[in-house]
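Everything on this sheet refers to the single structure shown next.
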Amino acid sequence: MSKGITSRKENYSQWYNEIVSKADLAENSGVRGMMVIKPYGYAIWEKIQAQLDKMFKETGHENAYFPLLIPKSYFSKEASHVDGFAKECAVVTHYRLKAGANGIEVDPDAKLEEELIIRPTSETIIWSTYKNWIQSYRDLPILVNQWANVVRWEMRTRLFLRTAEFLWQEGHTAHSNMQEALAETNQMLNVYAEFAENWLAVPVIKGAKTPNERFAGALETYSIEALMQDGKALQSGTSHFLGQNFAKAFDVKFTDKEGKLDYVWATSWGVSTRLMGALIMAHSDDLGLVLPPKLAPIQVVIVPIYKSEEEFNAVSKTALEIVSELKAKNISVKFDNRDTHRPGHKFAEYELKGVPVRIAIGPKDLEKGTVEIARRDTLEKQFVSNSNITETIEKLLEDIQKNIFDKALKFREESTYKIDSYEEFKKQIEEKPGFYLAHWDGTPETEEKIKNETKATIRCIPFDAPEEQGFCMVTGKPSNKRVIFAKAY
RNA sequence: CGGGGUGUAGCGCAGUCCGGUUAGCGUAUCUGCUUUGGGAGCAGAGGGUCGCAGGUUCGAAUCCUGCCACCCCGACCA
């Protein structure tokens, strides 16, 4: 492994790529735009999954699984949905190969009568199924989630941030009335925000998308928006209020308490492996990945320092005692006893991989009855007496979790600007990318004009934006709250 | 799909303009010895369809033709 990585200042996107590859998170595969998630990266994703899954179940949801392939006819039932996804769908047209003149080839006799779409999202197959599940208000609500992969044929891809195939969860719920569906949409956005802030340690802004940025087929799209260290926004989770659009498209009606037929109300919500991108870009530094302790596959690593075999044995004895103490406290710990690498190499390696806490034990420590404890986020080191190790580490893990959140929040606050002049906006968003709070006249035309001229888009209309009379920075028309503009991933 | 670029050892590259030893360097790998409190040192070894297919030539990584792949920049997007 070559030493060091490109600094953020030097080349931010190269820095990102190097962290992904050198921290062993993922790599490109033989299929353009599709990634291999490596064991260390997948271990983080599993932790993300485990926690979200728990939160979904706590809010009454159940997991299920729907097919990967969707008949083209299902897909085309909801008009705006088709418009939104048509250009990035992979299509299955045949079901057999045969040996041909140039090796293996598609058997032209095995053409499918109806072509199948590889799901870019599952609303259509799910609503065609829900039709059979729902007759009465007694069948509602349906609160289902699925963990799955989806394919969107992206032209330009980046590991985790935009890949042609990605892993995600998609929740699909059905309700008997609008209020309940809207409440669900809100609830799940709150679940995402809580997860982002308390687990990923990434502060997010909750808000509504403008019509331009809405999910294809939704009446409302809510999102959580995070700010990355280069001043670009990353949409980190979305929750959609679908109204009765899909129920109408798939003819899903139920009989209410009064015996009247009505269409079912729907929501859908998802987060993806893109969260890994958020995690990386929010906290990491020029030495490598920085992981929040709550999601780190290895929370503590122990590096032995020794010359002779006797020294190694003595150090190991202490190390193994610490391992069992920490394990008893449910802290994941690795004792790196490889003899093939020297301590300095290991230090650098675990910094690159973002392990939150490192313990080094050598002969000098054994004499003094101490160990050296280093934290990844601030790089501070301290010597701690053997009797206080577990306690110190428990506190340290909490501190690190909190500290990286605070740091990210401070960065976001310092990179958020109120702006009223469009001229100023155009200049500043180039020089100092970040969140720009500005008045907007509410029209898609103005939003489009700003996008074309600056590449910045409205990330969301924040829920907590205070009422404030002002004037659209472009057209001068009246506006009563500020929206967030930023360049986005 | 438009514009630009690159394909040479696992990875990163030189060599290509101007054809000519056995295709080289860094790193990684393997072996041995010395090392081990911040990415070890020395010595030795292994590893190549030079993107693919044709052509020109006594001779092609190098020149010509066609094809393929990947990367960057745009249009589209979680």
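Small disclaimer: the values here were computed from a predicted structure and weren't measured. Chain A is the first sequence line, chain B the second, and so forth, proteins listed ahead of strands; every chain is numbered from 1.
- Residue Leu234(A) contributes atom CG, which lies 17 Å from atom P of rC77(B) at whole-angstrom precision.
- Looking at which nucleotide of RNA chain B each of Ala360(A) and Ser236(A) is closest to, the 5′-most match is held by Ala360(A).
- Within 4.0 Å of Leu161(A), counting heavy atoms only, lies at least one base atom of the nucleic acid.
- Counted within 6.0 Å of NZ on Lys368(A), heavy atoms from surrounding residues, nucleotides or ligands total more than 12; the atom is thus considered enclosed.
- Within a 6.0 Å sphere centred on CZ of Arg338(A), heavy atoms belonging to other residues, nucleotides or ligands number more than 12.
- The P atoms of rG26(B) and rC42(B) are separated by 11 Å, rounded to the nearest whole Å.
- Nearest nucleotide to the Glu372(A) side chain, out of rG37(B), rG39(B), rG38(B): rG37(B).
- Phosphate contact (OP1/OP2 of rG37(B), side-chain N/O of Lys346(A), threshold under 4.0 Å): absent.
- Under the Watson-Crick or G-U wobble criterion, with both distances below 3.5 Å, rA75(B) is left unpaired in every strand shown.
- Here rC42(B) sits opposite rG32(B) as a Watson-Crick or G-U wobble pair (both hydrogen-bonding atom distances under 3.5 Å).
- Base pairing of rG37(B) is not made with any nucleotide, judged by Watson-Crick or G-U wobble geometry with both donor-acceptor distances under 3.5 Å.
- Looking at Thr221(A) and His240(A), their side chains do bring a donor and an acceptor atom within 3.5 Å of each other.
- Spacing of P atoms, rC70(B) relative to rU65(B), comes out at 24 Å, to the nearest Å.
- Residue-level contact check: Asp365(A) touches the bases, meaning some heavy atom is under 4.0 Å from a base atom.
- Exactly one of Glu225(A), Glu220(A), Glu447(A) qualifies for a salt bridge (charged side-chain N to carboxylate O under 4.0 Å, His left out) with Lys209(A). That residue is Glu225(A).
- Between Leu366(A) atom CG and rG37(B) atom P there is a gap of 15 Å when expressed in whole angstrom units.
- If you look at Trp269(A) and His61(A), their ring centroids are closer than 6.0 Å.
- For the C1' atom pair drawn from rU16(B) and rU62(B), the interatomic distance equals 4 Å after rounding to whole Å.
- The CH2-P distance, from Trp153(A) to rC77(B), rounds to 18 Å in whole Å.
- Of all nucleotides present, none satisfies the Watson-Crick or G-U wobble test against rU49(B) with each distance under 3.5 Å.
- When each of Met155(A) and Thr273(A) is assigned the nucleotide of RNA chain B with its nearest heavy atom, Met155(A) is the one assigned upstream, toward the 5' end.
- Nucleic acid contact for Thr238(A): none, since no nucleic acid atom lies under 4.0 Å from a heavy atom of the residue.
- Spacing of P atoms, rC64(B) relative to rU57(B), comes out at 16 Å, to the nearest Å.
- If you check rA69(B) for Watson-Crick or wobble pairing at under 3.5 angstrom, you find it paired to rU6(B).
- Across the P atoms, rA40(B) and rA69(B) are found 42 Å apart, a figure rounded to whole Å.
- With hydrogens and angles ignored, no donor-acceptor pair closer than 3.5 Å exists between the side chain of Glu349(A) and the base of rG39(B).
- Side-chain atoms of Glu154(A) lie closest to rC76(B) of the nucleotides rG37(B), rG39(B), rC76(B).
- When the P atom of rC11(B) is taken as reference, atom CD of Glu18(A) falls 16 Å away, rounded to whole Å.
- In this structure, Glu27(A) places its CD atom 10 Å from P of rC11(B), rounding to the nearest Å.
- The aromatic rings of Tyr130(A) and Trp127(A) sit perpendicular to each other, their planes meeting at more than 60°, with 30° as the lower class boundary.
- With hydrogens and angles ignored, a donor-acceptor pair under 3.5 angstrom links the side chain of Lys381(A) to the base of rG38(B).
- Contacts of Arg152(A) with the nucleic acid, taken as non-hydrogen atoms under 4.0 Å apart, include base atoms.
- For Asn17(A) and rG12(B), the CG to P distance is 13 Å, given to the nearest whole Å.
- Among the heavy atoms of the strands, none lies under 4.0 Å from Ser13(A).
- Comparing rG2(B) with rA9(B), their C1' atoms are spaced 36 Å from each other, to the whole Å.
- In this structure, Ile305(A) places its CD1 atom 11 Å from P of rG39(B), rounding to the nearest Å.
- Between the C1' atoms of rC18(B) and rC63(B), the separation comes to 11 Å (whole Å).
- Counting heavy-atom neighbours within 6.0 Å of Trp147(A) CH2, excluding the residue itself, gives a total above 12.
- For Arg342(A), a side-chain nitrogen or oxygen approaches OP1 or OP2 of rG37(B) to under 4.0 Å.
- When heavy atoms are screened at a 4.0 angstrom cut-off, Tyr489(A) is found touching no nucleic acid atom at all.
- Across all strands shown, Arg358(A) has heavy atoms under 4.0 Å from base atoms, whether or not it also approaches the sugar-phosphate.
- Distance, Arg158(A) CZ to rC77(B) P: 19 Å, rounded to whole Å.
- The listed nucleotides are rU36(B), rC77(B), rG37(B); the one nearest the side chain of Arg162(A) is rC77(B).
- For the C1' atom pair drawn from rC25(B) and rG15(B), the interatomic distance equals 10 Å after rounding to whole Å.
- Within the shown strands, rC58(B) is the pairing partner of rG20(B) under the Watson-Crick or G-U definition, both distances less than 3.5 Å.
- A salt bridge is absent between Lys426(A) and Glu430(A): the closest approach of a Lys/Arg side-chain nitrogen to an acidic carboxylate oxygen does not fall below 4.0 angstrom.
- Candidate nucleotides rG37(B), rC71(B), rU36(B) were compared by shortest atom distance to the side chain of Asp339(A), and rU36(B) ranks first.
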